[in-house]
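Notes follow the structure.
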Amino acid sequence: MAKPRTPTKKARVSGTTLKDPARFKGRKEPANPNPIGAPYKGMTPAQVKVWKEYAENMPWLNASHRLLLRQVSILAARMETDAEVGVSAMHALSAMLSKLGATPTDESKVDHPDGDEDPDDKFFH
């Protein structure tokens, strides 16, 4: 089975577009996708906390990820409050995090800048 495509925004954050620009040359994406937005109204405070944490830590998320992030928030909050979270729920959470690009393996591929320096500054000076 072929490896799933890396979303263009995630590739920009990780530096993949700089390393292999030809790979992303012909890709089309929405010019101005809607942001992830606020958590759903019916979510519990624990779920809202997870939502905000993940939305802040994954800047490539947009409105098309809302439902998946809601499911992640529900399961992750349940993991915090329910000692009886089953193996299947943990596998589901892991799979959803992978789809959002939030697993430890994906995290290791993201190029994090040192300190407060903006990595885009080099293009403007």
Side-chain angles (χ1 to χ4, degrees):
M1 180 177 227
K3 184 178 174 184
R5 288 180 109 184
T6 302
T8 308
K9 282 188 175 186
K10 181 181 172 195
R12 279 193 208 108
V13 171
S14 68
T16 307
T17 56
L18 297 173
K19 187 168 66 171
D20 191 3
R23 183 173 159 203
F24 298 92
K25 186 177 182 182
R27 292 213 185 162
K28 295 183 185 224
E29 62 179 22
N32 194 7
N34 294 327
I36 191 75
Y40 289 89
K41 289 182 182 180
M43 294 174 73
T44 67
Q47 294 167 358
V48 169
K49 181 181 174 188
V50 171
W51 175 287
K52 289 180 178 180
E53 177 184 348
Y54 281 40
E56 180 181 329
N57 290 325
M58 293 184 285
W60 56 85
L61 297 180
N62 60 47
S64 68
H65 300 104
R66 284 182 60 79
L67 185 57
L68 189 56
L69 184 57
R70 182 181 193 180
Q71 293 171 329
V72 165
S73 299
I74 291 167
L75 286 176
R78 185 173 149 208
M79 184 176 68
E80 292 289 325
T81 59
D82 184 4
E84 298 296 321
V85 175
V87 173
S88 62
M90 296 301 289
H91 282 296
L93 178 59
S94 176
M96 286 186 279
L97 288 172
S98 181
K99 289 179 182 183
L100 289 174
T103 64
T105 302
D106 291 321
E107 176 68 21
S108 69
K109 296 175 186 174
V110 176
D111 183 25
H112 297 284
D114 295 329
D116 293 332
E117 184 177 318
D118 186 353
D120 293 335
D121 280 350
K122 63 185 172 189
F123 298 111
F124 299 106
H125 296 278

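Numbering starts at 1 and runs along the sequence shown. Any value given below was found using the heavy atoms of this structure, including those in side chains, with hydrogens, waters and symmetry copies removed.
In plain terms, the two heavy atoms of Ala55 and Leu61 that are nearest each other are CA-CD1, 4.4 Å. Of all the heavy atoms in Met58 and Ala102, the pair that sits closest is SD-CB, 3.2 Å. Closest approach of Val72 to Val50, counting heavy atoms only: O-CG1, 4.4 Å. When all heavy atoms of Ala38 and Trp51 are compared, the closest pair comes out as O-CZ2, 3.6 Å. Met79 and Val85 make their closest contact through CA-CG2, 3.6 Å (heavy atoms, listed as atom of the first residue, atom of the second, distance).
No continuous path of ILVMFWY side-chain contacts below 4.5 Å connects Ile74 to Leu97, so the two sit in separate hydrophobic clusters. Hydrophobic clustering of Ile, Leu, Val, Met, Phe, Trp and Tyr side chains at less than 4.5 Å, counting indirect connections, unites Met43 with Leu75.
The CD atom of Glu53 sits 7.5 Å away from the NZ atom of Lys49 when rounded to the nearest 0.5 Å. Atoms CG and OH, on Leu67 and Tyr40 in that order, are 5.5 Å from each other to the nearest 0.5 Å. Between the NE2 atom of His65 and the NZ atom of Lys99 there is a distance of 11.5 Å, given to the nearest 0.5 Å. Taken to the nearest 0.5 Å, the CG atom of Leu68 stands 11.5 Å off from the OH atom of Tyr54. Between the CH2 atom in Trp60 and the CZ atom in Arg12 there is a gap of 13.5 Å [rounded to 0.5 Å]. Leu93 CG to Ser88 OG: the interatomic distance, rounded to the nearest 0.5 Å, is 11.5 Å.
Judged purely by atom type and a 3.5 angstrom limit, Ser73 uses its side chain to pair as donor or acceptor with the backbone of Leu69. Between the side chain of Arg66 and the backbone N or O of Ile36, at least one donor-acceptor pair lies under 3.5 Å. Judged purely by atom type and a 3.5 angstrom limit, Asp82 has no side-chain atom pairing as donor or acceptor with the backbone of Arg78.
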